[in-house]
Amino acid sequence: MTDFDTLDALLSARFSCRAFRGDPVPRADIERIIATAQKVPSWCNAQPWQVIVTAGAETDRFRDALYTAASTTPPAPDMPWPEGYPGIYGDRRRTCGFQLYDAVGIEKGDLASSAQQMMENYRLFGAPHVAIITSPKVLGPYGAMDTGGFVTAFCLAAQALGVATIPQAAIAAQAPFVREHFNIAEDRHILCAISLGYPDTDHPANSFRTDRAQVADVMEWKE
Ligand SMILES: Cc1cc2nc3c(=O)[nH]c(=O)nc-3n(C[C@H](O)[C@H](O)[C@H](O)COP(=O)(O)O)c2cc1C
């Protein structure tokens, strides 16, 4: 296998896991994941990301309090959410949503069940760990861009150890609660969270895979 094949296989195997087993990942493995993910490039090598990782009772304390917060409090993310998903972006967004609902047996238009499935975000999909990802406000979108690379590398490094992940903007939507719960400084943006653990491979929520645009759809070649 070439390095390219290895990387491609890893990228193909990773998916957003929406049902986890409860058994914990050893702390040493999570530290390895972070050490490897830190090898991504960042502007000026600033490495702006910071990560809070929960385990054991702390995950459950956070999960329970987060669920209550999300049930009672409207979204208030630190970074403004996208203004919209026009055209093809909206199509892709709808497609991956329908894939999930189909997989778990929710009929189109069943808003109550869709909302209930969305709330699974706030149960961390049953994960034994969550990583809260922040970057300094002063670095603005560039800090967020660097941290996005870190998030991707985190998910791939985890996959390489058999650990499943899901990045969650839904948790960043509860930024005021998350900030208070973990005492996160005001000068940091809460960008997203990553729930992680071993995948429940029999769960229907993990039974589908999203697709990707063709290279011709995303690349313009000039010579
Ligand atoms: C920054 C970011 C935030 C995301 N937030 C959520 C989320 O809040 N809830 C969720 O179910 N999926 C979330 N996802 C997962 C995406 O829906 C998923 O990556 C996309 O549909 C592609 O599917 P795949 O990850 O299985 O390849 C997020 C992904 C990223 C990169």
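Only this structure's heavy atoms are used, side chains among them; waters, hydrogens and symmetry mates stay out. Whatever order the structure lists ligands and atoms in, that order sets their numbers, starting from 1.
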What is the closest protein heavy atom to atom 17 (O) of ligand 1, and at what distance does it sit?
R18 NH2, 3.4 Å

For ligand 1, indicate whether the residue R93 contacts it via side chain, backbone, both or neither (heavy-atom separation under 4.0 Å).
neither

Nearest non-hydrogen protein atom to atom 21 (O) of ligand 1, with distance, is C96 SG, 3.7 Å

Taking the cut-offs as 6.0 angstrom to the six-membered ring centre and 45 degrees off its axis, would you call R92 and Y85 a cation-pi pair?
no

N or O contact, F15 vs ligand 1, cut-off under 3.5 Å:
no

Where do S195 and F20 come nearest, in terms of heavy atoms and distance?
O-CZ, 3.6 Å

Taking only heavy atoms of A169, which atoms of ligand 1 are found under 4.0 Å from at least one of them?
3 (C), 4 (C), 5 (N), 6 (C), 7 (C), 8 (O)

What protein heavy atom sits nearest atom 4 (C) of ligand 1, and how far off is it?
P167 O, 3.2 Å

Out of N121, I171, T95, T210, indicate the one that has the non-hydrogen atom closest to atom 9 (N) of ligand 1.
N121

Would a distance-only check, ignoring hydrogens and angles, find a side-chain to backbone donor-acceptor pair under 3.5 Å from D146 to W43?
yes

Under a 3.5 Å distance rule, please check whether H189 uses its side chain to pair with a backbone N or O of L191 as donor and acceptor.
no

For atom 19 (O) of ligand 1, what's the nearest protein heavy-atom neighbour? Residue, atom name and distance, please.
S16 OG, 3.3 Å

Could you tell me which atoms of ligand 1, counted from 1 in the order shown, lie closer than 4.0 angstrom to a heavy atom of I166?
10 (C), 11 (O), 12 (N)

Tell me whether the rings of F182 and F62 are parallel (<30°), tilted (30 to 60°) or perpendicular (>60°).
tilted

Close approach, R14 and ligand 1, non-hydrogen under 4.0 angstrom
yes

Do we get K108 above F98's six-membered ring, with its NZ or CZ under 6.0 Å from the centre and within 45° of the axis?
yes

4.0 Å heavy-atom contact, E120 with ligand 1
no

Nearest-neighbour protein heavy atom for atom 8 (O) of ligand 1, which is reported as residue plus atom name and distance
A170 N, 2.9 Å

Between D78 and R179, is the closest basic N to carboxylate O distance under 4.0 Å?
yes

Within the side chain of T72, is there an N or O that forms a donor-acceptor pair under 3.5 Å with the backbone of A69?
yes

Taking a cutoff of less than 4.0 Å between a non-hydrogen atom of the residue and any ligand atom, is Q117 in contact with ligand 1?
no

Check whether Y122 reaches the backbone of A170 with its side chain - one donor and one acceptor, N or O, closer than 3.5 Å.
yes

